K.L.:
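This is the structure I want to talk about, given as structure tokens.
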Amino acid sequence: MHRLQSISKRCLAAIAFFTRLPLWRVVNIEKEHYEHVVPLWPLAGYVTGGTMAAVLWGGMAIGLSTGLSVALALTARVLLTGALHEDGFADFCDGFGGGWSRERTLAIMKDSHIGTYGVLGLVLYALIAWNTLTMLLDAGLSPVYIICIDALSKSLSSTIVCYLPYARTESEAKNKLLYQHPAVAEMAACGVLGVVPFVVAGLMGSMGPMGLIGLMGLIALLCCVGAIGVAVLVYTMHRRIGGYTGDCCGATVIIIELLLYITLCAIIHI
């Protein structure tokens with residue numbers, strides 16, 4: 001019973017950490033549960049991706065254009081998460097764009113002010129996200145793909161915690177929290193959580209006439225592309241700062257998500 005309660009609190013901690021949902025008012029979530037949320041990142045993707053998909057379905061159901069529906073969906077996620085990933089991505093762009101040493105890069109990312117690289121990064125992210133999503137939906141893809149990509153990108157991004165140490169001390173962390181290194185079994189479960197939406201959507205017929213083989217091939221391709229992207233980011237972080245930070249986590253989620261959307265766009269136009 002205690003183990004089941006601990007797992008439940010970890011699930012709630014993952015969602016509470018990545019969103020503004022006041023789950024802490026419903027249940028007391030201790031710090032130790034936040035420290036072990038890495039393998040459960042995809043659960044937050046179910047919530048944020050599900051919110052975007054719901055807004056898209058609602059917008060298109062009342063006759064809004066695809067572009068406007070996508071813009072509203074992106075806005076809804078920003079409001080739900082408090083721009084958590086976008087903030088980390090902007091700091092990452094500033095730090096890795098303007099810093100040439102480990103100390104300087106970490107100092108820039110610690111600064112709450114946004115710089116030129118951060119602004120450019122957010123603008124380019126918004127443009128790519130809006131255009132890829134609009135293109136995918138106009139091509140007939142279901143909004144269910146939003147949930148799938150959100151969960152998978154978080155699952156893939158979580159692996160940076162396995163390959164890199166934290167680049168700061170706990171006292172220097174923005175949220176005074178250090179993730180605990182997950183076990184192999186936990187990361188295997190994280191991988192399963194990342195692909196579950198694809199399987200569920202396929203069984204429900206929401207993925208279109210793709211077939212089981214096509215669906216498995218799509219999952220394998222997206223995982224390969226995402227893994228390559230994570231490997232490049234891990235190498236870059238290791239060389240520049242010798243580890244990862246919370247900003248690096250947020251940036252990884254954003255970058256891998258865009259890579260997966262671009263890959264989908266390439267697939268439908270082949």
Side-chain angles (χ1 to χ4, degrees), residues 17-18 35-39 41-42 45 83-129 149 152-184 186-188 190-191 194 221-263:
F17 187 82
F18 283 107
E35 293 175 343
H36 292 86
V37 299
V38 172
W41 281 8
L84 180 67
H85 299 322
E86 290 80 4
D87 178 66
F89 178 63
D91 287 340
F92 177 87
C93 291
D94 278 333
F96 281 75
W100 296 104
S101 67
R102 178 181 186 277
E103 293 71 21
R104 181 58 180 161
T105 301
L106 289 172
I108 293 175
M109 287 197 291
K110 187 79 170 179
D111 191 344
S112 60
H113 297 89
I114 188 170
T116 302
Y117 290 104
V119 172
L120 288 174
L122 289 177
V123 170
L124 291 173
Y125 157 68
L127 287 173
I128 295 172
I149 295 300
L152 183 59
S153 64
K154 286 181 171 62
S155 176
L156 291 167
S157 298
S158 68
T159 58
I160 70 170
V161 179
C162 299
Y163 298 120
L164 295 171
Y166 190 67
R168 307 183 196 270
T169 63
E170 184 173 359
S171 61
E172 294 173 325
K174 287 183 177 180
N175 51 21
K176 308 302 179 184
L177 176 71
L178 293 186
Y179 293 130
Q180 295 299 310
H181 198 282
V184 174
E186 290 180 320
M187 291 312 296
C190 180
L221 176 60
L222 292 176
C223 286
C224 286
V225 171
I228 293 171
V230 169
V232 172
L233 289 170
V234 166
Y235 175 76
T236 303
M237 295 171 197
H238 175 69
R239 289 205 58 181
R240 178 65 66 85
I241 61 175
Y244 76 93
T245 67
D247 291 330
C248 292
C249 291
T252 302
V253 171
I254 288 289
I255 293 169
I256 299 305
E257 182 182 61
L258 291 182
L259 270 178
L260 298 184
Y261 281 136
I262 292 171
T263 302

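Fair warning: this is a prediction, and the values are worked out from it, not measured in the lab.
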K.L.:
Are the side chains of S158 and P39 in touch, meaning some heavy atoms are under 4.5 Å apart?
P.N.:
no
K.L.:
I'd like to know if the side chain of S101 reaches the main chain of R104, judged simply by a donor and an acceptor atom lying under 3.5 Å from each other, with no hydrogens or angles considered.
P.N.:
yes
K.L.:
Is there side-chain contact between M109 and R168, with at least one heavy-atom pair below 4.5 Å?
P.N.:
yes
K.L.:
Within this structure, what is the CG-NE2 distance for the pair D247 and H85, rounded to the nearest 0.5 Å?
P.N.:
12.5 Å
K.L.:
Using the side chain to side chain contact (heavy atoms under 4.5 Å, CB included) rule, pick out the option among V253, I254, I255, L152 that qualifies with S157.
P.N.:
V253
K.L.:
Looking only at non-hydrogen atoms, find the nearest pair between L259 and T263 and report the distance.
P.N.:
O-OG1, 2.7 Å
K.L.:
May I ask you to decide if A167's main-chain N or O and R102's side chain share a donor-acceptor pair within less than 3.5 Å?
P.N.:
yes
K.L.:
So how far is it from W100 CH2 to T105 OG1, rounded to the nearest 0.5 Å?
P.N.:
9.0 Å
K.L.:
For Y163, enumerate each residue passing the side-chain hydrogen bond (donor to acceptor under 3.5 Å, both in side chains) test, keeping only those at least two apart in sequence or located in another chain.
P.N.:
none
K.L.:
Tell me, do P182 and V161 make a side-chain contact under 4.5 Å, heavy atoms counted?
P.N.:
yes
K.L.:
Any chance you could measure L233, atom CG, to L164, atom CG, to the nearest 0.5 Å?
P.N.:
10.0 Å
K.L.:
Supply the atom-to-atom distance I256 CD1 to L156 CG, rounded to the nearest 0.5 angstrom.
P.N.:
6.5 Å
K.L.:
Measure from the side-chain N and O atoms of R240 to the backbone N and O of F96, and report whether any donor-acceptor pair falls under 3.5 Å.
P.N.:
yes
K.L.:
Any donor and acceptor pair, going by atom type alone, linking the side chain of S155 with main-chain N or O of C190 inside 3.5 Å?
P.N.:
yes
K.L.:
Mind checking the OG1-CE spacing from T159 to M187? Nearest 0.5 Å is all I need.
P.N.:
6.0 Å
K.L.:
With a 4.5 Å limit on heavy-atom distance, are the side chains of L222 and I149 in contact?
P.N.:
yes
K.L.:
Would you compute the distance between atom CD of E86 and atom CD1 of I114 and round it to the nearest 0.5 angstrom?
P.N.:
11.0 Å
K.L.:
Picking from L122, D94, D91, what satisfies side chain to side chain contact (heavy atoms under 4.5 Å, CB included) with Y117?
P.N.:
D94
K.L.:
In terms of the angle between their ring planes, are Y244 and Y179 parallel, tilted or perpendicular, with boundaries placed at 30° and 60°?
P.N.:
parallel
